[in-house]
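Below you'll find the structure, written out as structure tokens, and then a few comments.
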Amino acid sequence: MSSRILVLTNDVNDADVLTKVLRGDRSEPFDVESLRSLGAGIDRLRQGGIDAVVVNLGLPDSQGLATFEQLHAAAPHTPIVALSAANDEAPARQAVQRGAHAYLTKGHFDCGLVPQTLRNIMQRKAIEAAFYTEKARAEIALNSISDAVICTDLSGRVNYLNIAAEAMTGWSREEARGQAIENVFRIINGVTRQADFNPVELVLQRDEVMGLKANTVLVRRDGSEAAIEDSASPIHDWDGHITGAVIVFHDISAAKAMTLKMAHLAQHDFLTGLPNRMLLNDRIAQAVTLAKRHNTHLAVLFLDLDNFKTINDSLGHATGDQLLQSVTTRLNACVRSSDTVSRQGGDEFVILLAEGGHEESAALTAGKILAALAKPHAVGDSALHVNASIGISVYPADGLDAEALIKSADTAMYHAKGKGRNNYQFFTSDMNRRAVERQLVESHLRRALDRQEFVLHYQPKVNLATGRVTGAEALLRWRHPDWGLVLPDRFVPVAEDCGLIVPIGRWVLREACGQAQRWIESGLALASIAVNISALEFHQAEFAQALAEMLKQTGLPAHRLQLEITEGGLMRDAKASAKILRELKSMGVQLAVDDFGTGYSSLSYLNQFPIDILKIDQSFVQDIKCADDTGIIVSAVIGMGNNLKLQVVAEGVENQVQLDFLTTRQCDEAQGYLFSRPLAAEQFADILVNGMPARLGNEPKVASCCQ
């Protein structure tokens with residue numbers, strides 16, 4: 001397709017000569033249009049399709065330089081060639097200075113130079129347009145990337161910033177232009193806080209690519225900082241000579257922060273922020289190295305919250321998490337900055353006493369922890385009570401590395417649980433045997449339900465005014481095929497620790513309710529059956545609903561069931577306990593507080609709890625040594641029960657002196673070996689038929705589960 005030339009002149013001869021020369025070009029003829037006025041020419045240019053304009057600056061409607069300026073404004077990207085009179089070239093030269101691409105002198109039109117000149121002008125314009133397009137594309141690309149780009153000349157003066165660089169440095173392109181690179185791109189070492197040598201200067205000196213050093217920090221114009229990385233490179237001309245430098249960099253602050261966070265999370269518990277098992281092991285290893293070098297001691301405390309699972313299951317994990325955070329705060333307050341409090345997982349914590357970790361300081365710290373944790377924890381609207389069992393091991397006597405010391409402390413912790421919880425115990429070599437026994441009990445216990453190894457015995461409850469059997473307490477026994485009859489104090493604590501107490505407790509309830517209903521259907525007089533409920537089971541979600549379904553399945557009337565919950569179990573969360581008790585009471589179930597007087601001071605809560613029965617713990621009954629004994633606690637409980645219209649039952653009555661004391665003070669009911677040991681279902685049924693026999697003797701001797 002040939003190029004189209006617009007000739008603007010009112011000189012007919014000039015127009016004819018130019019048209020003839022351009023159309024007659026041998027290499028590539030031009031299409032020529034000729035017009036005589038500026039207005040007509042501008043209208044034609046607006047229609048498009050003109051590749052170049054040849055214009056006489058003296059037109060009927062415009063004269064001189066103004067003619068060029070109006071044409072250039074109408075078509076700024078179209079090449080314009082001015083025609084000049086032979087004796088007056090000044091206007092044409094001015095037009096070239098203002099942007100015209102060339103001028104032609106009249107009298108020299110009819111030669112081959114005119115087409116060639118126009119062709120060269122248009123080719124140059126095409127190259128300029130292509131260059132502009134590439135430059136615009138590069139500019140858009142540089143401003144679209146997230147990396148910052150700064151260019152300098154050979155003297156290190158800034159001559160370009162992209163948008164990202166403006167944002168990163170705080171310098172606008174106009175303000176930065178001509179500034180020394182060290183003013184715009186100011187960097188320091190993030191560790192030493194000293195100024196770093198600018199890589200652009202090195203690039204200009206060495207003419208080679210230079211990377212940024214590690215820990216490079218950019219100091220923005222406003223003084224704020226950002227961690228950056230990347231490199232600087234030389235810029236060369238087409239002869240390979242260096243003309244400047246370009247530095248490309250990006251903000252790695254977020255990535256660096258994430259790296260640090262991930263490193264922290266790898267060594268710390270996400271909930272409490274405490275060191276985790278991995279970091280603790282490392283710190284114990286370091287402490288052991290120092291203790292060995294200086295011939296000193298260190299101590300490890302293994303702490304387990306005694307009733308956390310109950311709270312977590314009954315009030316939800318969110319409440320449990322807040323309680324763990326409260327515990328963390330108190331543990332940190334009980335130790336020194338040189339010590340380490342670590343969360344092992346769940347409700348287990350390990351504390352390293354790295355300095356002066358002898359037995360006296362370990363005991364002192366453990367005592368402080370028990371006292372601190374015993375105070376109510378305000379979580380939401382609840383005041384939660386939690387205790388801890390703590391085991392203590394000491395280097396080097398109880399272990400020479402982290403694994404051995406933690407294992408010994410863990411073993412001692414279980415011994416503390418066996419001692420009644422809420423106490424601390426030091427590791428002894430004898431505990432290893434007990435730990436092995438505990439593991440053995442747990443492994444066998446997990447199969448006991450499926451193998452139907454559990455059995456219930458029933459201990460009569462006697463009305464002290466009439467001497468008649470009014471009910472029974474169902475007591476769990478484990479009839480192990482090899483160990484014989486195993487009593488609860490040996491396996492119930494293990495079941496509570498490993499979570500088996502809930503399914504075992506459900507079995508006990510179902511079996512006791514079913515047996516009581518069978519006796520009643522046989523015509524035997526049984527006023528009630530009492531079943532102990534563990535705190536963990538009591539605070540299980542939907543416990544009341546499950547109990548209602550159980551009563552429906554067995555057919556036992558709800559008023560014939562007595563649920564016994566320990567005082568301590570109720571007081572772990574008094575508010576939640578009150579709600580559950582009211583739900584049970586609405587079903588018609590009788591409610592008893594077991595082991596009353598051994599737990600928290602809960603007298604103020606008795607009016608809030610819909611309790612029917614108080615059971616006096618056997619330890620208080622056994623303190624009665626003679627008929628004249630004051631028995632202050634027993635007397636107080638009986639008196640309080642009578643005043644509050646509650647039934648009072650004494651446990652563990654073993655002799656006539658205790659019976660006389662209780663009868664004199666008008667205790668309602670009693671149970672114990674004086675009346676009968678716990679009996680199998682068939683033996684208890686015989687009592688219901690024939691009445692209470694003479695004292696049957698003590699519980700049969702039970703073989704150790706390890707024999």
Side-chain angles (χ1 to χ4, degrees), residues 459-474 516 525-533 535 538 544 547-548 551 556-621 623-624 630-653 658-672 675:
Q459 187 171 41
K461 292 199 294 183
V462 178
N463 184 298
L464 296 187
T466 65
R468 298 181 59 183
V469 175
T470 56
E473 179 178 0
L526 183 72
S528 65
I529 184 76
V531 180
N532 287 285
I533 304 298
F538 177 73
L547 177 63
L551 290 172
L556 181 70
H559 70 274
R560 292 188 182 272
L561 174 63
Q562 291 182 6
L563 294 182
E564 298 183 359
I565 306 101
T566 63
E567 182 184 2
L570 291 174
M571 293 308 300
R572 289 175 183 178
D573 186 351
K575 186 176 180 180
S577 296
K579 180 180 178 181
I580 299 171
L581 290 172
R582 286 193 294 270
E583 192 173 357
L584 295 172
K585 189 65 178 176
S586 68
M587 294 165 49
V589 174
Q590 297 183 59
L591 303 172
V593 178
D594 198 15
D595 300 340
F596 187 78
T598 61
Y600 300 92
S601 177
S602 57
L603 301 183
S604 61
Y605 287 93
L606 284 179
N607 284 330
Q608 299 180 33
F609 294 159
I611 297 298
D612 301 295
I613 303 161
L614 295 180
K615 296 197 73 174
I616 304 173
D617 186 68
Q618 61 181 346
S619 62
F620 300 130
V621 174
D623 283 341
I624 301 171
T630 58
I632 295 175
I633 295 179
V634 175
S635 298
V637 174
I638 294 172
M640 181 173 55
N642 291 336
N643 290 331
L644 294 174
K645 309 299 185 205
L646 301 178
Q647 187 178 4
V648 180
V649 179
E651 298 179 299
V653 180
Q658 295 166 353
L659 177 60
D660 292 342
F661 181 93
L662 294 168
T663 303
T664 301
R665 283 156 181 77
Q666 298 181 330
C667 181
D668 298 301
E669 293 184 350
Q671 62 187 89
F675 307 106

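All of these numbers come straight from a predicted model, not from anything done at the bench. When a residue number appears, it is its place in the shown sequence, counting from 1.
Side-chain atoms of F661 and S635, non-hydrogen and from C-beta on, do get closer than 4.5 Å to each other. For the pair M640/V648, no side-chain contact is recorded, criterion being any heavy-atom separation below 4.5 Å from C-beta on. E564 has its side chain out of reach of D595: every pair of non-hydrogen atoms, C-beta onward, lies at least 4.5 Å apart. L614 has its side chain out of reach of L644: every pair of non-hydrogen atoms, C-beta onward, lies at least 4.5 Å apart. No side-chain heavy atom of E567 sits under 4.5 Å from any side-chain heavy atom of D617. Residues D668 and L646 form no side-chain contact, since every pair of their non-hydrogen atoms from C-beta on lies 4.5 Å or further apart. Residues I565 and V593 fail the side-chain proximity criterion, which asks for heavy atoms closer than 4.5 Å. For the pair F675/L659, a side-chain contact is recorded, criterion being any heavy-atom separation below 4.5 Å from C-beta on.
Using modelled atom types, one finds no donor on one side chain facing an acceptor on the other under 3.5 Å when comparing K615 with Q562.
Atom CD1 of I633 and atom CD1 of I616 lie 10.0 Å apart (nearest 0.5 Å). Here the straight-line distance linking atom CG of L464 with atom CD of E669 works out to 7.5 Å at 0.5 Å rounding. In this structure, the separation between CG on L551 and NE2 on H559 is 11.5 Å, given to the nearest 0.5 Å.
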